Peer 1: 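Before anything else, here's the structure in question.
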Amino acid sequence: MQPRLFPGDEQPAPPTPAAISTEVLNPAQYAAVTHGSGPLLVIAGAGSGKTRTLVFRMAHLLEQDVPPESILLLTFTRRAAQEMLWRAGQLTGQSCRRVMGGTFHATANILLRQYGHHLGLGSGFTIIDRGDAEGIINLLKSSLGMSGAGKRFPSKRVVLNLISGAINKATTIDDLVFRESIHLAEFIQDFHTISDHYRQFKRDHGLLDYDDLLVFWRQLLAESDRAREELSSRFQHILVDEYQDTNQLQAEIVRLLASHHGNVMAVGDDAQSIYSFRGADFHNIMRFADQFPGTRIVKLEENYRSTQPILQLTNAIIANAEQKYAKTLFTSTEGGSRPLLVAAANEAAEARYVADVIEERRRAGVALDEIAVLFRSGFHSFKLEIELASRGLEFDKRGGLKLTESAHIKDLLAFFRVLINPWDNLSWNRILLQLEKVGPKTVQKILAAIRDADDPLAALAAYRPAPGWKAQFERLTDTLRRLGLPDQAPADQFDLVMTYYEPVFEKMYYDDYPRRRKELDQVRVLISGYGDLQAFVDDTALDPPDVGAADALGGEDEQRLILSTIHSAKGLEWDTVLVIGLADGRFPHQNAQPGEQYEEERRLLYVAATRAKRELYLTYPKELVTPDRQHLRCAMSPFLREISPGLYNRVERAGAITQPLTSDYPIDLPPPKPRTSVPTAPGEYAEGMRVSHAFFGLGRVASLPGPRRVEVVFDRHGSKILHLDYARLEIVG
DNA sequence: AGAACTATGTTTTTT
DNA sequence: ACATAGTTCT
């Protein structure tokens, strides 16, 4: 198989092809990051051009006639790799086609398909992502004989954690126990049962999750001497971006890859580590020098992105961090206005204010795609999305739901996945469930019949359907037979699937199939860019396109406002940035526990604020509506409260309110329901108090383990940790 | 019994 | 928008 690369020049130019300037480094720094060999660590603050140092290094190597195929570039997103390769190409005038560049996971995928035989790992595997959780749960439940029974296990959250690899974190079990409100001992036992089954399940069906890709890659390097020799002589130069976001496995892979020659350059900023929930460990960056003796360290502290007032505020945010590499960013950029801190009456007022600012900035001549609105969680922008839509402002939303996570896209992908890997029961499950009159039980029977066949497709064709669904079943097997014929372009296979799937689909999603149909058309555009299905299926799991991006791909690429979660905004910058929802309880996230989690939330705010080049707005609503329609007052985020008010200008009650406030409260709203529980300030519960729970019965409060949580020892059900936002708890006497 | 339908509840962040 | 629980239909 031809190695599949991530060439910069096969892709369209990045959206902001601004000429790359070497001025961000002084001559000494430039020499330090480009010349010489051996391990090199660049510790750099936000906006200091750290990614550019990697581009310079790569360009320098190419100019020294280092063969491009001996360079391996590892980045956090594929987009970042593409942009860096493109820029290095611009600098050198050379093609960077043959540089291997991409995320750890995508690179692992390529290498495992090339070298997998060293591990006895065939190339017939499918990569699963969190969109597969639902199917995995169903199949696990039936294999555990739990179908219908307990709703608790395997819960989606547990399976999501298993898939995304966060399971490597020691804290995971504690974290899950909190959320599931379950007794620890039972939970751990069930948890181990589930993870054992999950492992076996993946093995049986040729599925690899995110962690497996890295585990196998490390295994390849650690256990096969020949593979390690081959790989480390193939890649003489390793370049790693965003090193603070690597996990243990990734750090180990870098170490093994570079163990022969030590030519590794890593770049990162410990203050921007925001992925520990996924297993990232910013201590990796601190340990780098120990792992690679003779490491040269370069510190970049000058910020070229933001104006002085913005920088002063961001420095203040991070100054309160408990643990950090001491680093104070400075800029020689003069002028700039102070960031604005805006308190709005409620979420609707906040949304109106934000939309007003956007319109005003546009009138001032700022391009729409130079403005971004950032927030902690995907749903925090819902109100704003409505407001923007009503004003006719188009936007791209990043983060939140991915295109490949919607049900109809998953359905479609399932067909391609069984073509590539006919033992992928997860996808069979999805396809067969689409048949009318066929439910989970019948699917189990069919799967049992084809599971051990050498040719599952033939076995399926030979299956005897019940009369009720015979006709549709035969259409299915016929479609599958024609899909398997050789020499078809992916786009043709797409059309073939659609002739079968379209009627099914229109029936299943009768209420909104035109909208979904549009998204399927976008998938056709995506798929026609691929030479083979394998590549397409891998890419959708490793780097799922988001809805907005696919939209832009299908239509005209006009400038659009960006709405993004802070996590998805990493590494990007805009002229004007508005960070919304900075209210206590929203930011930091209410589940964030004191200590490391809380500190990560602080770094998250730091990342958000440092995205701004010239204008920064921080907004929060003074009132939030709870799920049961109660209006709760809320304060500003504690991260903002601890900052000296001299660093920002304050706007009380946002600008032009275009509608009377009452419009936020529909008049026909029923009065708030009296709650059966006593939802309360945590302070109301105290140790020793007698309480009653709708399901668990009577018990006694044993402790208050965290905000909004109580541990109760129930007379009949033992000890439980309950979350007061959900639990229906009443104080008795 | 199993499939299909209806009502209700929930949603951190993601390669 | 989706998952789940409970209910009704075949």
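Keep in mind that this is a model prediction, so the values were computed, not measured. Quick note on labels: first sequence line is chain A, next is B, and so on, each numbered from 1.
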Peer 1: Side-chain N or O of A:Thr442 less than 4.0 angstrom from OP1 or OP2 on B:dG2?
Peer 2: no
Peer 1: Do the two ring centres, one from A:His380 and one from A:Phe587, sit under 6.0 Å apart?
Peer 2: no
Peer 1: Would you mind reading off the distance between A:Gln597 atom CD and B:dT13 atom C1', rounded to a whole angstrom?
Peer 2: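 After rounding, the reported distance stands at 11 Å.
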Peer 1: In whole Å, what is the span from the CD1 atom of A:Ile274 to the C1' atom of B:dT14?
Peer 2: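 In whole Å, B:dT14 C1' lies 10 Å from A:Ile274 CD1.
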Peer 1: Out of B:dT14, C:dC2, B:dT15, which has the shortest distance to the side chain of A:Thr565?
Peer 2: B:dT14
Peer 1: Heavy-atom nearest nucleotide on DNA chain B for A:Val438 versus A:His589: which residue maps closer to 5'?
Peer 2: A:Val438
Peer 1: Can you say whether the rings of A:Phe104 and A:Trp217 are parallel (under 30°), tilted (30 to 60°) or perpendicular (over 60°)?
Peer 2: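 Tilted.
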Peer 1: Is there a stack between A:Tyr210 and B:dT15, judged by ring centres under 5.5 Å and planes under 30°?
Peer 2: yes
Peer 1: Taking the six-membered ring for Trp, does A:Phe277 stack with B:dT13 (centroid gap under 5.5 Å, planes within less than 30°)?
Peer 2: yes
Peer 1: Kindly point out which of B:dG2, C:dC2, B:dT13 is positioned nearest to the side chain of A:Lys441?
Peer 2: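 Selected nucleotide (nearest to the side chain): B:dG2.
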Peer 1: Determine yes or no for a side-chain-to-main-chain donor-acceptor pair under 3.5 angstrom, with A:Asn247 supplying the side chain and A:Gln250 the backbone.
Peer 2: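 Yes, the answer is positive, given that a donor and an acceptor are paired below the 3.5 Å cut-off.
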Peer 1: Is the ring pair A:Phe473/A:Trp469 parallel, tilted or perpendicular, if the boundaries are 30 and 60 degrees?
Peer 2: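 A:Phe473 vs A:Trp469 ring planes: perpendicular.
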Peer 1: So what does A:Tyr275 hit on the nucleic acid, given a heavy-atom distance under 4.0 Å: a base, only sugar-phosphate, or nothing?
Peer 2: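 Since only primed, P, OP1 and OP2 atoms lie under 4.0 Å of A:Tyr275, the category is sugar-phosphate.
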Peer 1: In this structure, how many angstroms lie between the C1' atom of B:dT13 and the CG atom of A:Leu374, rounded?
Peer 2: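 It works out to 13 Å between those atoms.
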Peer 1: For A:Glu600 and A:Lys437, find the nucleotide of DNA chain B closest to each by heavy atoms; which residue's nucleotide sits nearer the 5' end?
Peer 2: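 It is A:Lys437 whose nearest nucleotide is closer to the 5' end.
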Peer 1: Which listed nucleotide (B:dT15, C:dA1, B:dT11) is nearest to the side chain of A:Arg516?
Peer 2: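 So the side chain of A:Arg516 is nearest to C:dA1.
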Peer 1: Over how many whole Å does the gap from A:Gln244 atom CD to B:dT15 atom C1' extend?
Peer 2: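 Taking atom C1' of B:dT15 as the reference, CD of A:Gln244 is at 14 Å.
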Peer 1: Determine whether the aromatic ring centres of A:His589 and A:Phe277 lie less than 6.0 Å apart.
Peer 2: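 Centroid distance A:His589-A:Phe277: not below 6.0 Å, so no.
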Peer 1: Does B:dT14 have OP1 or OP2 sitting under 4.0 Å from an N or O in the side chain of A:Ser568?
Peer 2: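 Answer is yes, contact under 4.0 Å.
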Peer 1: With heavy atoms under 4.0 Å as the rule, sort A:Glu436 into base, sugar-phosphate or nothing.
Peer 2: sugar-phosphate
